[in-house]
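Below is one structure, written out as structure tokens; the observations come after it.
Chain naming here is simple, since letters A, B, ... match the order of the sequence lines and numbering starts at 1 in each.
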There are 2 protein chains.
Amino acid sequence: MDTSLTDRDTDAGLRIRSAAVLLFARQGYAATSIRDLARAVNLTNAGIYHHVSSKEALLADLMRAGHRGLIDATARLLDGVQQPSDRLALLIASLTAIHARSPLTTRVMDGELRSLTPGSTAHDEIIALRDEYEDHWRRALADGAGQGVFRVADQKLSRLALMSMCTGTSEWYRPDGDSSLEQVCAEFVAIGLAAVRAPARPTASADLSLLPDFPWEPPDA
Amino acid sequence: MDTSLTDRDTDAGLRIRSAAVLLFARQGYAATSIRDLARAVNLTNAGIYHHVSSKEALLADLMRAGHRGLIDATARLLDGVQQPSDRLALLIASLTAIHARSPLTTRVMDGELRSLTPGSTAHDEIIALRDEYEDHWRRALADGAGQGVFRVADQKLSRLALMSMCTGTSEWYRPDGDSSLEQVCAEFVAIGLAAVRAPARPTASADLSLLPDFPWEPPDA
DNA sequence: GTCTATACCCGGATAGAC
DNA sequence: GTCTATCCGGGTATAGAC
């Protein structure tokens, strides 16, 4: 009997989730049909529904488990680490590594929040989990700024810049590529630490009037 | 008469594109129907097809025009600028600024390539345009490394890290937020220049075995 | 240039046999 | 636990009147 919406721990449940995360990451959730999924695991579309209560519940479950794994691992990693620089280094390395090692799951986690119906409990839950994770970053940056080790103009800005750098890894990293995962993490940690130690000095700025104005870009949204 | 697949310059053409870029950015291309689009511009679904040859042609046209605008603006900005550091600073500032100022168009440009049917001429054309743009970055980094001004372990790695930082702006920047566009650009330029000047030194690395292994993440893809 | 009507297909999900 | 068969809504796109 299913106590959760998807039977997470059975063989069939795992095979369905593997196929789902692959298809959702490649084509997007909206472009993936239950029939696509069924074909990938050699079932009929009706067969899927014995393991999954709905397509959206499957997505929510993947995202929930992904975020929980990330949050728990981060808490374990940071446990006992005191220096803000060390904490930030760990945050950068671990977020980068998880995006490199699990690019499909993280792409779904990062990009498919919009596919959960707004206002649903699942939607709100994922937002809360994401916020809980980001709090690790907020605290590290606030501590470092409070102790005077970090000199950043805007903590939010620095956080978002560094997190984008880390999460982008899922889009390009290949295990058989030019650089090893350890090299990537080391390089990104170096960039991150340099970023919070070298404040922006006013430099010659670009002439933004040369940028294109797309006439169809809506002004408000 | 239409010479292109979508009548780019008429009033109706513009209003359709505005609505399309908004919906594609918010919900994704696959989750947006021609009927959604028609409702947004007060037409019936059949009415849309007088201005647009197909949903996919509309997406391709938005992406093509977006990339052309970015490439042309970048060429104008870099024109005559010699120093690799200055070129890199301009690349960072302009890519950041266009993502901040046109978040909807850029989100479609960056995220909907997978929605163009693989192998189609439109798909290949966008890939070629993206590559043409990235060449600006590759040349700047190669020049800087060649002249010894940049000390980077891996040019590709640095480029991807910095580009992710810049493009991420479209996901969070708000004109009425804490930092002005000029501040964001200045900060990102500072981070980028620091990144190519301070090579990674081996530091205490994170214990990656503490990271979660998602049992459903497919190994190969 | 926009409409109504419609063709045709595929979507998520369920019923009930085995 | 998986199947066949089916419901029903909505998808892209077209035909042809106005």
Subject >> A:A46 side chain, from C-beta outward: closest of D:dC3, C:dA5, D:dA13 >> reply: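 Looking only at heavy atoms from C-beta outward on A:A46, the closest nucleotide is D:dC3.
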Subject >> Given D:dT2, C:dG11, D:dA15, the nucleotide with the shortest approach to the side chain of A:R35 >> reply: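 Taking heavy atoms from C-beta onward, the closest nucleotide is C:dG11.
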Within this structure, what is the [atom1]-to-[atom2] distance between [X] and [N], rounded to whole angstrom?
X     : N      : atom1 : atom2 : result
A:Y49 : D:dA5  : OH    : C1'   : 16 Å
B:H51 : C:dC3  : NE2   : P     : 9 Å
B:L58 : D:dA13 : CG    : C1'   : 14 Å
B:D11 : C:dT2  : CG    : P     : 11 Å
A:N45 : C:dT14 : CG    : P     : 12 Å
A:I34 : D:dC7  : CD1   : P     : 21 Å
B:I48 : D:dG11 : CD1   : P     : 13 Å
A:E56 : C:dG12 : CD    : C1'   : 12 Å

For a quick test of reading the model: is some side-chain N or O of [X] closer than 4.0 Å to OP1 or OP2 of [N]?
X     : N      : value
B:S33 : D:dG11 : yes
B:T44 : C:dT2  : no
B:H50 : C:dC3  : no

Original post:
Does a sphere of radius 6.0 Å around CZ in B:R15 hold more than 12 heavy atoms from other residues, nucleotides or ligands, not counting ones at 6.0 Å or beyond?
Top reply: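 No, the 6.0 Å shell around CZ holds no more than 12 heavy atoms from other groups.
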**OP:** Would you kindly say whether A:D110 and A:T167 are connected by a side-chain donor-acceptor distance under 3.5 Å?
**Re:**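 Looking only at side-chain atoms, A:T167 and A:D110 do not form any donor-acceptor pair under 3.5 Å.
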Subject >> All pairs passing side-chain hydrogen bond (donor to acceptor under 3.5 Å, both in side chains) where residues 127-142 of chain A contributes a residue, at least two apart >> reply: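 Qualifying pairs, neighbours excluded: A:D131-A:R138, A:Y133-A:W137, A:D135-A:R138, A:H136-A:R139.
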Original post:
So does B:D61 pair up with B:R64, basic N to acidic O under 4.0 Å?
Top reply: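 Yes.
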